[in-house]
4 protein chains.
Amino acid sequence: MSVSKQFSLVDQEKSDQETPAVDRGAELLAAATAVFAQKGFHDTKVSDIVTAAGVAQGTFYLYFKGKNDVFFRLISGCCERILDQLGKASAIQRQATTAEEAHQNSFASLVGIFRMLESEQSVLKLILADPGGVDPAIDKMLAGLRETMVGQVRQNLQAGIDAGYLRDLNPTIVAEAVVGMIYHLSFERFVRGRDLGVDLEELAEEVVTFERHGIFKSPPAR
Amino acid sequence: MSVSKQFSLVDQEKSDQETPAVDRGAELLAAATAVFAQKGFHDTKVSDIVTAAGVAQGTFYLYFKGKNDVFFRLISGCCERILDQLGKASAIQRQATTAEEAHQNSFASLVGIFRMLESEQSVLKLILADPGGVDPAIDKMLAGLRETMVGQVRQNLQAGIDAGYLRDLNPTIVAEAVVGMIYHLSFERFVRGRDLGVDLEELAEEVVTFERHGIFKSPPAR
Amino acid sequence: MSVSKQFSLVDQEKSDQETPAVDRGAELLAAATAVFAQKGFHDTKVSDIVTAAGVAQGTFYLYFKGKNDVFFRLISGCCERILDQLGKASAIQRQATTAEEAHQNSFASLVGIFRMLESEQSVLKLILADPGGVDPAIDKMLAGLRETMVGQVRQNLQAGIDAGYLRDLNPTIVAEAVVGMIYHLSFERFVRGRDLGVDLEELAEEVVTFERHGIFKSPPAR
Amino acid sequence: MSVSKQFSLVDQEKSDQETPAVDRGAELLAAATAVFAQKGFHDTKVSDIVTAAGVAQGTFYLYFKGKNDVFFRLISGCCERILDQLGKASAIQRQATTAEEAHQNSFASLVGIFRMLESEQSVLKLILADPGGVDPAIDKMLAGLRETMVGQVRQNLQAGIDAGYLRDLNPTIVAEAVVGMIYHLSFERFVRGRDLGVDLEELAEEVVTFERHGIFKSPPAR
DNA sequence: AATGAATGAGTATTCATTCAT
DNA sequence: TATGAATGAATACTCATTCAT
């Protein structure tokens, strides 16, 4: 969206009285994101959003059906982007042929996911702290997101078990556990802003290593 | 209502028509817990609570300062009980002298925590899905709870590192990860009601094993 | 309602701190009637009604579901009373055994109806000038009222035809025509306040005579 | 109206790609009539009208001062046409020299009026169900229409009384009654669409006969 | 003439809280 | 203590109208 805006800027300079170079819908969505992130869904008034966007009350309803609608679009846009990233991560992960490669790929995937979540900070807050009940469609979408993540991890685990290099773990439970880690660490880092004393790569490396080897000193070797 | 009042007359010995034997405050708190759990904070009206408790609207304000107040007491009561359990778990964990004992103790601790969370299902939902912003005091309390959990795990990890039987992991990050797992699994199981195909002991066992050994087949032995 | 009020007045004087002798619901309904009659449905704001009743906005919603609800109750209450009166009128009319008696009974009935409509002036305005579309239930009720009136007139006509003293007219059309007269004259007199130069009895007499004999000089006599 | 525009086509030819041969004002008025008839005044939005007419929102205000203005023009156009027809009817009625002729003329007049009302169905609905209060000018116009009708009937009646062939009735009241009949029957037939089991001529005949002779079997003859 | 994006005044309704009995 | 009627501030949403292009 912001991309198309940048392009359109170029185009719109040419003609004299063309449509203004503003995308009110995008402006409003941006304003809404900021306000929701700061105040949360329930404490955000439509009037806050329009004030932040610098337009009149009515203008809001030209672009959104209502408060729930903006919220939904916010979340759903973000979810799509996350799912995208998840797809990429999954593709990367499947390419591994050696254990070393698998580690590297897991690492790369996780870094990718973290980076994307970092760029979605403000919406992430809303996703992770969703009060629920705002809109069943949102709940469904978030549940789907989680399920997708868990599903991918589970499949990878199952593949490893089948291939014989993973132990006989319960893939469902471990997958949930892994997703739990990632959610929690993302929340701490991107929503609460705690850097935990490491940079993103170090964080990902630590997580991947923990996931693969646990907390014990590997007796002989990995 | 009037019936229970009549019976209580018998119990309340000191003066003739003194306080009834019912604890209105507790009744209201119980009613509030049920309603909040079902509808969430924002969709719960004070009128829902008093209806559920079978008292008049005004009675509510005899026992609570307001809607935020009940919510706070609910959460804070639950947090205290969780912290209690956490203390016990910690005590257990520290007693280990061998790796095998440590595993058993971790397992026992986790089962204890899970059991307690299970018994707090309805409030757990509110704690884990806290929209935030309802009351800074609540946020602080929940943050404290998390911090306590993370702190305990971190200390255990540090102890293990110092003792030389844990690898050179980052205790802060791993502790957060472990808490993330537990939060997420608790949420899935107790709030969303998914049993994940195992009973509580199996769940705890799986988690502890995962934490300790990761996903790989332990090459020679544990 | 007003009856119970009058009784209750008696009772309430005795006891000290009983419920106040006011029926807020009735007060609001009265206020609403007045305001609706003056401004019509669409130009009446709930705030007008509560101001007229001297209560707060919220109080209104303690007694009515909303603006449509008051309007409906207003209309429906009035319709009931009219239907009542119509029933009485019908009973009177059926008792006639001679033509002269029939005339007298028609006259008495019509006077009764006129008097009742006069006492319902303010609501009558709303009934006769119903914009439609406010509430399907209201439309149905008004249609029923009209149908009842027309039906009664039609039956009387049919009875007269069968008995042989009325000419071979089309009872359906004439019944509609008669009701049209009565509606229109009621509207002019009670809603627009034109007395048409006669008192109510004279008006009824004129109408009954017109209905029975038309405009011509009865050649010989009836 | 569209006719006058077609003539204007001749004038518009001058320039090549000038204004199209359409009369936007007439189009909008037609669209407005249809929408108002279907939804009533208050439930009709300007946006409904422009959508129906296939023009932009702003275009509406090029031809009308506002929503009230279209409504006024609609009603007033229709009223003019009705008054026209009423004039013709009156002219016809005055030509009678015998009672039989008078009957025939009344019949012809009424048929003419019914036919015209039938052709104005959609606006008739608005006229007869006018909630009032939309615009004082409209109320005045409708009152004038009614007054004209009543006046004509009254004059005819008075003439008949003076001429000695009508009985000593109250012309004011009977005139109102007659107009009431016609209004009501028109409403039932043209607005509510009930044909009452007869065609328009039969309806008119029945009404005229009822008006002239009432419901009784004419003892000897008319 | 035509457009349609923008405006913002206007209003019904909810619900936490109070307080007179 | 208990009641529950009354309060009124707070807010989402509509739609007639304007005006820059």
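Here is the naming used below: chain letters follow the sequence lines, and residue numbers restart at 1 for every chain. Nothing here was measured: the structure is a model prediction, and the numbers come from that model.
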Nearest-Å distance for atom pair CZ/C1', residues Phe60(C) and dA5(F): 16 Å
- prompt: When we call it a touch if two heavy atoms are under 4.0 Å apart, what does Phe64(C) touch: a base, just sugar-phosphate, or nothing?
  reply: nothing
- prompt: Within 45° of the axis and under 6.0 Å from the centre of the six-membered ring of Phe41(A), does NZ or CZ of Lys67(A) qualify?
  reply: yes
task: Round to a whole Å and report the spacing from CG of Leu28(C) to P of dA12(E).
output: 14 Å
query: Looking at Arg24(D), does any N or O in its side chain come under 4.0 Å of the phosphate oxygens OP1/OP2 on dA1(E)?
result: no
- prompt: Just how far is it from atom CD of Gln38(A) to atom OG1 of Thr33(A), taken to the nearest 0.5 Å?
  reply: 13.0 Å
Among dA12(E), dA16(F), dA12(F), the nucleotide that comes nearest once only the side chain of Lys67(C) is considered: dA12(E)
pair Val55(D)-Arg24(D): side-chain heavy atoms closer than 4.5 Å: yes
- request: Please report, rounded to the nearest Å, how far the P atom of dA12(F) is from the CZ atom of Phe71(A).
  value: 14 Å
- prompt: DNA chain F in dot-bracket, Watson-Crick or G-U pairs under 3.5 Å, [ ] crossing, | other strand?
  reply: .||||||||||||||||||||
- prompt: Donor-acceptor pair under 3.5 Å: do we get one between Gln57(A)'s side chain and the base of dT7(E)?
  reply: no
message: If the cut-off is 4.0 Å, is Tyr61(A) near the phosphate of dT14(F), judged by side-chain N/O to OP1 or OP2?
response: no
message: Nearest to the Leu62(D) side chain among dT18(E), dA1(E), dA16(F), which nucleotide is it?
response: dA1(E)
- prompt: Any side-chain N or O of Tyr63(C) under 4.0 Å from OP1/OP2 of dA5(F)?
  reply: no
query: What integer distance in Å separates Asn68(A):CG from dT11(F):C1'?
result: 14 Å
- prompt: Can you tell if the side chain of Phe36(D) reaches within under 4.5 Å of the side chain of Leu74(D), non-hydrogen atoms only?
  reply: yes
- request: State, yes or no, whether a side-chain contact exists between Val50(A) and Thr59(A) at a heavy-atom distance under 4.5 Å.
  value: no
- prompt: Nearest-Å distance, NE2 (His42(A)) to P (dA12(F))?
  reply: 11 Å
message: Please compare Thr59(B) and Gly58(A) by the position of their nearest nucleotide in DNA chain F and report the one closer to 5'.
response: Thr59(B)
Within-4.5 Å side-chain heavy-atom neighbours: Tyr61(D) and Val46(D): yes
message: Can you tell me how far apart CZ (Phe71(D)) and CG (Asp135(D)) are? Round to the nearest 0.5 Å.
response: 9.5 Å
- line: Rounded to whole Å, CG of Asp43(C) lies from P of dT11(E) at a distance of 9 Å
query: 5'-most contact on DNA chain E: Lys45(B) or Gly54(A), nearest heavy atom basis?
result: Gly54(A)
message: Counting the atoms with a prime plus P, OP1 and OP2 as sugar-phosphate, which does Gly66(B) contact under 4.0 Å by heavy atoms, base, sugar-phosphate, or nothing?
response: sugar-phosphate
task: Check the distance between dA6(F)'s C1' and Asp23(C)'s CG and give it to me in whole angstrom.
output: 15 Å
